[in-house]
Amino acid sequence: MAVYGVAAAVLASVESRQGSIRGLVYASGFQNVKQLYALVCETRRYSAVLDAVIANAGLLQAEKKLRPHLAKVLVYDLLLGGGFRGGRGRWKRLLHRHEARLKAELARLKVHRGVSRNEDLLEVGCRPGPAVQVPRFVRVNTLKTCSDDAIDYFKRQGFSYQGQASSLEDLRALKGKCFLLDLLLPELLVFPAQTDLHEHPLYQAGHLILQDKASCLPAMLLAPPPGSHVIDACAAPGNKTSHLAALLKNQGKIFAFDLDAKRLASMATLLARAGVSCCELAKEDFLAVSPSDQRYRQVQYILLDPSCSGSGMLTRQLEEPGAGAPSKERLHALAGFQQRALCHALTFPSLQRLVYSTCSLCQEENEDVLCLTGRSISTGTCTQLRPKEKEEAAKSSGGS
Ligand SMILES: C[S@@+](CC[C@H](N)C(=O)[O-])C[C@H]1O[C@@H](n2cnc3c(N)ncnc32)[C@H](O)[C@@H]1O
């Protein structure tokens with residue numbers, strides 16, 4: 001199916017709250033994930049504008065067979081996405097019939113609102129926020145290359161290397177084809193926001209991992225030495241697992257668990273591309289993994305990055321502009337799972353260091369989980385996950 005049909009289906013599912021854009025895009029099986037994701041996010045961002053233009057142009061009345069979500073995606077591409085790129089087929093002909101009217105309605109809307117740019121038509125909450133200003137962080141995969149070689153490669157491609165950053169100001173000032181080395185992580189390159197490296201040969205070959213800085217901190221802090229045994233309790237899609245493998249230099253063992261088969265499948269691809277050979281992947285509920293199993297007797301390091309509300313994820317602002325805080329009920333269910341997972345992780349007999357991380361800014365999922373877990377351990381009341389919490393945890397996938 002062409003991208004428009006799939007994008008319309010994803011959009012409809014998102015609007016009926018069947019999942020996140022990211023999850024639905026991956027679940028769609030569409031090959032060009034990036035194209036689909038961008039089309040859905042942008043159509044959603046301009047949803048109110050598109051509704052107005054489509055209604056004022058009478059498009060759905062004139063084209064009775066055209067479904068509203070598909071109309072939105074097509075009109076987004078025609079008017080706001082840089083021109084319809086759908087070839088010569090049926091949609092092209094349909095849009096051609098209405099193009100002049102649709103363009104006139106968009107122009108009329110701008111005049112009516114007293115703005116000149118498309119972006120100014122957006123509600124404040126839908127305008128590009130901090131997410132689009134955050135630099136593009138790129139972790140050099142030391143299983144395949146080193147920072148110096150990656151830097152040389154980019155220099156040969158016409159990028160200008162500015163050395164190691166010395167302040168956040170250096171990162172904010174990045175533009176054009178300039179890039180830096182991060183001030184904290186020696187394997188992290190920093191490019192201007194909007195730099196797209198998905199098609200870059202080094203990324204395609206697994207030499208680079210497109211991973212935000214915050215997502216690099218848990219493995220860096222866990223710092224398992226080469227040869228050690230590590231559990232990655234909630235591992236998919238695997239960016240942190242590949243980071244752990246790089247720190248281990250592929251020596252030792254990572255036991256990586258996740259409940260979600262689809263996410264595990266993309267994780268297997270990611271790990272293979274990154275050259276990870278020390279990881280055993282298992283589709284398993286971490287809470288059902290027995291700490292007394294002999295296979296885990298040498299596990300001294302555990303990374304616990306459980307499902308969470310994702311309230312701290314900047315990409316969420318792009319997916320759900322103006323999205324409110326997670327509900328109390330949802331936070332409660334998530335925190336219940338997080339606390340149980342943490343309690344469980346702490347019972348592995350050889351454990352020496354554990355890192356607990358979330359993509360959430362909510363105290364309920366962070367500080368409170370640690371406090372309550374501490375209390376449960378001291379009173380001996382760590383219990384198994386309740387079914388409702390399990391369901392909520394399985395539904396939420398969180399970020400990478
Ligand atoms: C925040 S994501 C993990 C991201 C991952 N650490 C990374 O860096 O790519 C949380 C993951 O936990 C998984 N999960 C949820 N409940 C689980 C459970 N009981 N056991 C194992 N995995 C679980 C979800 O399927 C999801 O993939």
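Counting starts at 1 for both ligands and their atoms, in listed order. All figures in this text were calculated on a predicted structure; none of them were measured in a lab.
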### Query
Within a radius of less than 6.0 Å around CD of Glu367, do more than 12 heavy atoms belonging to other residues, nucleotides or ligands occur?
yes
### Query
Evaluating non-hydrogen atoms only, which member of Asp305, Asp258, Asp285, Leu304 is closest to atom 26 (C) of ligand 1?
Asp258
### Query
Is the shortest distance from a Lys or Arg side-chain nitrogen in Glu364 or Arg330 to a carboxylate oxygen in the other one below 4.0 Å?
no
### Message
Please confirm whether Ser215 approaches ligand 1 to less than 4.0 Å, judged on its heavy atoms.
### Response
no
### Task
Would you confirm whether Thr195, through its side chain, and Pro192, through its main-chain N or O, come within 3.5 Å as a donor-acceptor pair?
yes
### Query
Have Ser242 and Arg139 got a donor and an acceptor in their side chains that come within less than 3.5 Å?
yes
### Message
With clusters defined by side-chain heavy atoms of hydrophobic residues (ILVMFWY) lying less than 4.5 Å apart, directly or transitively, does Ile209 cluster with Leu271?
### Response
no
### Query
Is any N or O atom of Asp232, backbone or side chain, closer than 3.5 Å to an N or O atom of ligand 1?
no
### Query
For Leu287, is at least one N or O under 3.5 Å away from an N or O on ligand 1?
no
### Task
Output yes when Asp260 and Lys283 qualify as a salt bridge under the 4.0 Å nitrogen-oxygen rule, no when they do not.
no
### Query
Which of the numbered atoms in ligand 1 are below 4.0 angstrom from a heavy atom of Asn239?
7 (C), 9 (O)
### Query
What atoms of ligand 1 come closer than 4.0 angstrom to any heavy atom of Ala233?
21 (C), 22 (N)
#### Entry: Cluster check Leu334, Leu361: I/L/V/M/F/W/Y, side chain < 4.5 angstrom
no
### Query
Does a side-chain N-to-carboxylate-O contact under 4.0 Å join Lys240 and Asp232?
no
### Query
For ligand 1, does Lys240 get within less than 4.0 Å through its side chain, its backbone, both, or neither, judged by non-hydrogen atoms?
both
### Summary
The answer for which part of Ala341 has a heavy atom under 4.0 Å from ligand 1 is neither
### Task
Give yes if a backbone or side-chain nitrogen or oxygen of Phe337 is under 3.5 Å from a nitrogen or oxygen of ligand 1, and no if not.
no
## Note on the structure
ligand 1 atoms nearer than 4.0 angstrom to some heavy atom of Gly238 are 7 (C), 9 (O)
### Query
Is a donor on one side and an acceptor on the other found under 3.5 Å between the side chain of Lys64 and the backbone of Gln61?
yes
#### Entry: Glu284 touching ligand 1 at heavy-atom level, < 4.0 angstrom
yes
### Message
Taking Arg113 first and then Asp120, would you say they form a salt bridge - that is, a charged N and a carboxylate O separated by under 4.0 Å?
### Response
no
### Query
Pro306 heavy atoms, cut-off 4.0 Å: which ligand 1 atoms fall inside?
1 (C), 10 (C)
### Query
Asp260 heavy atoms, cut-off 4.0 Å: which ligand 1 atoms fall inside?
25 (O)
### Query
Purely on distance, is any nitrogen or oxygen of Phe286 under 3.5 Å from one on ligand 1?
yes
### Message
Polar contacts were defined as any N/O atom of the residue lying under 3.5 Å from an N/O atom of the ligand; does this apply to Cys359 and ligand 1?
### Response
no
